[in-house]
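Contents: one structure, followed by commentary.
A, B, ... follow the sequence lines: proteins, then strands. Residue 1 opens every chain. If you're wondering where the values come from, they're calculated on a predicted model, not measured in any experiment.
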Amino acid sequence: MHNAEIAAAFRELGTLYELDGANRFRVLAYRDAARTIAESPVPVGELARAGRATELEGIGDTIQEKIVALLDEGEIPAARKLKQRLPATLVELTRLPGVGAKTVRRIYDETGIATLEGLRAAAAAGELSGLRGLGPKFEQNVLAALDRIEAEGDGERRLLSDVREIGAELVAGLRSHAAAGEVILAGSARRWADTCKDIDIVATASDPTALAHALIGHDLIGEAGNPSANGVRARTHNGIAVDLRIVPAAELGNLLQHLTGSAAHNVKLRERAQRMGLSVSEHGIAEIEGDAVTRCADEAGVYARLGLDYIEPELREGRDEISLAERGELPELVTVADIRGDLHCHTTLSDGRNTLAEMAAAARDRGYAYLAITDHSATHGFGDDVQAGDLLRRVDEVAAYNAEHGSRRFRLLAGSEVNIGADGGLDYPDDVLERLDWVIASVHTSFRMSKRRMTDRIVAAVRHPLVSCLGHPTGRLLLRREPYDLDVDAVIAAAAEAGTMIEINGNPSRRDLGDRHARLAAEAGVPIVCTTDAHRTRTLANMDFAVATARRAGLSAKQVANTRTWAQLRKLL
DNA sequence: GCCGTTTTCGGCCCGACTGTTTTCAGTCG
């Protein structure tokens with residue numbers, strides 16, 4: 001059973017307990033455990049069986065036992081018992097925005113309503129406003145929320161690339177307003193998370209209410225709440241929630257820190273502050289015994305007041321960044337400026353949109369010293385396959401390009417993205433691969449294999465002496481396709497032993513390796529390569545996403561191989 | 001249910017907003 005399924009079971013259990021009226025901290029404990037499980041880069045089921053899941057934060061003996069029971073019985077016994085007392089469909093009702101467990105339970109107790117359809121009918125008939133604490137406004141909100149979910153889905157997450165694009169447009173629109181001071185994109189988009197649920201914007205303004213109105217007036221905004229001097233909440237036409245918060249410049253650092261999150265990071269920060277006798281909020285850092293309040297114009301001031309080094313947004317996920325900051329041991333994160341070349345791109349020879357010369361020119365424009373041309377291999381299919389003869393001609397074309405345009409400042413590398421066959425074999429004979437500067441091995445077929453077979457298959461490719469790098473190792477497509485069933489630990493161990501590099505693919509749908517696995521790989525000594533997998537000149541810019549993932553993994557420039565010159569990188573191979 | 005620079009018991013981040021109330025509970029991020 002995968003971490004995601006285990007986590008879902010504990011989220012459900014938390015809600016069932018909440019509906020049952022359990023202590024709210026117990027509910028929180030299940031939610032925290034679910035988050036830890038979903039976040040873990042290692043299979044928590046296996047850990048629990050080995051009695052080691054309690055090493056994870058927020059998982060004690062009780063939850064570990066429940067994980068094992070879930071694996072053995074397909075269900076958590078406590079959840080089964082609760083579902084005998086309460087309809088399981090009540091859990092769905094709590095997912096309606098503005099409708100929580102307390103409200104769902106009261107409605108169920110007083111009317112017997114337990115389904116979304118039942119709730120809609122009762123709200124439409126005005127049957128809920130008779131209940132204590134619920135009025136006509138509540139019924140309107142329920143109907144609106146149901147309509148929105150039907151039209152747009154359940155507050156679904158979106159790719160970071162989509163959210164950053166819309167966020168940047170909104171920020172630019174606000175900055176152009178006469179009342180605007182600072183306007184900054186915050187939240188998960190600022191942390192460069194894989195996916196985002198909403199857009200958070202932090203601002204200062206000479207006339208805050210006017211700036212809040214300016215957001216509502218933006219072309220992208222469809223609906224909005226009540227604007228005030230504190231900001232406004234709104235929603236884009238395509239359904240993304242937008243939260244604008246406005247504060248005096250003297251508190252901008254406090255608010256930016258607060259709204260950048262993550263929630264887990266802020267909770268840990270505030271718990272630590274409490275131990276120091278301090279209370280942290282978006283308005284300042286207050287002494288618990290006393291009146292002094294520290295307001296910070298910038299974030300560095302917030303962390304400094306708490307005795308911490310500045311923590312980059314990409315690291316603020318509530319993992320170990322606070323203890324590292326406390327000890328002055330935060331890594332110096334790799335930046336896009338450190339990257340000296342891209343090692344994964346396609347041209348019109350396979351499925352790319354631009355020619356070799358166009359890709360080379362775009363790479364030079366980005367200031368790169370090298371670009372590896374890595375078109376798909378012989379069995380790629382889709383009419384985009386590159387037979388061995390075509391590839392060898394391409395090697396000559398690369399040599400010709402370098403002879404004519406190459407210099408110490410820039411050169412092309414002859415490469416290939418070679419399919420890994422179902423048996424772990426590669427798509428070209430060794431004497432062809434030997435002609436290449438750079439070989440990426442990737443899986444593009446037969447995704448649904450057993451974990452054992454898929455792991456053996458990829459480990460075999462990683463151990464091949466002519467393979468430089470493993471491409472998009474888990475095959476995940478964010479929000480679209482689950483990763484292959486794969487023992488990532490075993491692949492990392494094999495790469496470390498064989499001296500094979502592993503890619504962080506910067507296609508915003510991939511980000512593969514993901515940040516947590518990339519950290520494990522780097523800790524195992526595997527050189528990481530940040531690439532774009534660009535299929536056109538424009539997407540060479542996706543290096544931002546690859547590097548962001550590396551930063552979220554806590555990687556320094558030294559751990560990213562393509563911060564080196566090509567001559568230095570070659571020595572690592 | 002978890003956890004320990006005060007603790008194996010007694011706490012558990014903090015505030016904004018909403019709708020319903022006559023001072024606050026519920027929900028959310």
Rounded distance (Å) that lies between atom C1' of B/dG11 and atom CZ of A/R275: 13 Å
The side chain of A/N230 is closest to which nucleotide in this list: B/dG1, B/dT20, B/dC17? B/dC17
Against the side chain of A/E271, the closest entry in B/dC12, B/dC2, B/dA16 is B/dC12
May I have the distance from A/R233 (atom CZ) to B/dC17 (atom C1'), rounded to whole angstrom? 8 Å
Which atom of A/L315 lies closest to which atom of A/L330, heavy atoms considered: CD1-CD2, 4.0 Å
Between A/L174 and the options A/I184, A/V183, A/I246, the side chain to side chain contact (heavy atoms under 4.5 Å, CB included) test singles out A/V183
Flag, side chain of A/S129 to backbone of A/G126, donor-acceptor distance under 3.5 Å: yes
A/N141 side chain, from C-beta outward: closest of B/dC17, B/dG19, B/dT27: B/dG19
Is a side-chain donor or acceptor of A/S188 paired with a backbone partner of A/A193 at a separation under 3.5 angstrom? no
Expressed as a whole number of Å, how far does the C1' atom of B/dT20 sit from that of B/dC14? 23 Å
Phosphate contact (B/dC13 OP1 or OP2) by A/S279 side-chain N/O below 4.0 Å: no
Could you tell me how far apart A/N266 (CG) and B/dC12 (C1') are, to the nearest whole angstrom? 16 Å
Side-chain contact check for A/T103: nearest option of B/dG1, B/dT27, B/dC17 is B/dT27
Among the nucleotides B/dG29, B/dG15, B/dC2, whichever has the atom closest to the side chain of A/S281 is B/dG15
Specify whether A/Y17 and A/Y30 have parallel, tilted or perpendicular ring planes, treating 30° as the upper limit for parallel and 60° as the lower limit for perpendicular. parallel
Options B/dG29, B/dC13, B/dG1, nucleotide nearest the side-chain atoms of A/Y30: B/dG1
Most 5' of A/L134 and A/I59 on DNA chain B, judged by nearest nucleotide: A/I59
Over how many whole Å does the gap from A/K268 atom NZ to B/dC14 atom P extend? 16 Å
Just call it for A/V27: base, sugar-phosphate, or nothing, with non-hydrogen atoms closer than 4.0 Å on any strand. nothing
From the set B/dC12, B/dG29, B/dA16, return the single nucleotide nearest to any side-chain atom of A/D198. B/dG29
When the distance from NE2 of A/H283 to C1' of B/dC17 is rounded to whole Å, what number comes out? 12 Å
How many whole angstroms separate atom CD1 of A/I37 from atom C1' of B/dG1? 13 Å
Specify the separation, in whole Å, of atom CG of A/N226 and atom C1' of B/dG19. 12 Å
Look at the side chain of A/N505 and the backbone N and O of A/D512, then say whether any donor-acceptor pair between them is shorter than 3.5 Å. no
So, with a heavy-atom separation below 4.0 Å from DNA chain B, the residues of residues 119-126 of chain A are none
Report the nucleotide, chosen from B/dC14, B/dG26, B/dG29, that has the shortest atom-to-atom distance to any side-chain atom of A/Q274. B/dC14
Using Watson-Crick or G-U wobble geometry with both distances below 3.5 Å, tell me the partner of B/dT8, or none. none
How is A/A33 classified with respect to the nucleic acid when contacts are heavy atoms under 4.0 Å: base, sugar-phosphate, or nothing? nothing
First locate atom CZ of A/R106, then atom NZ of A/K102, and finally report the distance between them rounded to the nearest 0.5 Å. 10.0 Å
May I ask you to evaluate whether A/R270 reaches the phosphate of B/dC13, defined as a side-chain N or O under 4.0 Å from OP1 or OP2? no
With a distance cut-off below 6.0 Å to the six-membered ring centre and an angular limit of 45° from the axis, does A/R164 pair with A/W192 as a cation-pi contact? yes
Between B/dG29, B/dA16, B/dC2, which nucleotide gets closest to the side-chain atoms of A/R245? B/dA16
Closest-nucleotide ordering on DNA chain B, the 5'-leading residue of A/V104 and A/F138: A/F138
Expressed in whole Å, how much space separates the P atoms belonging to B/dA16 and B/dT21? 24 Å
By the 4.0 Å heavy-atom rule, please label A/L269 as base, sugar-phosphate, or nothing. nothing
When you get a sec, tell me which of B/dG19, B/dC13, B/dG1 is the closest nucleotide to the side chain of A/V267? B/dC13
Pairwise P distance, B/dG15 and B/dT23 [rounded to whole Å]: 23 Å
Roughly how many Å apart are B/dT8 and B/dT22, using the C1' atom of each and rounding to a whole number? 45 Å
Tell me whether A/R305 contacts the main-chain N or O of A/T294 through its side chain, where contact means a donor paired with an acceptor under 3.5 Å. no
B/dC17 and B/dC12, which share atom name C1', separated by this distance in whole Å: 24 Å
Measuring only the C1' atom in each nucleotide, how far is B/dG29 from B/dC13? A whole number of Å is fine. 12 Å
Rounded to whole angstrom, note down the C1' distance from B/dG26 over to B/dT7. 32 Å
Determine whether a donor-acceptor pair (N or O, by modelled atom type, separation under 3.5 Å) exists between the side chain of A/R476 and the backbone of A/R510. yes
From CG of A/L16 over to P of B/dG1, roughly how many Å is that when rounded to an integer? 14 Å
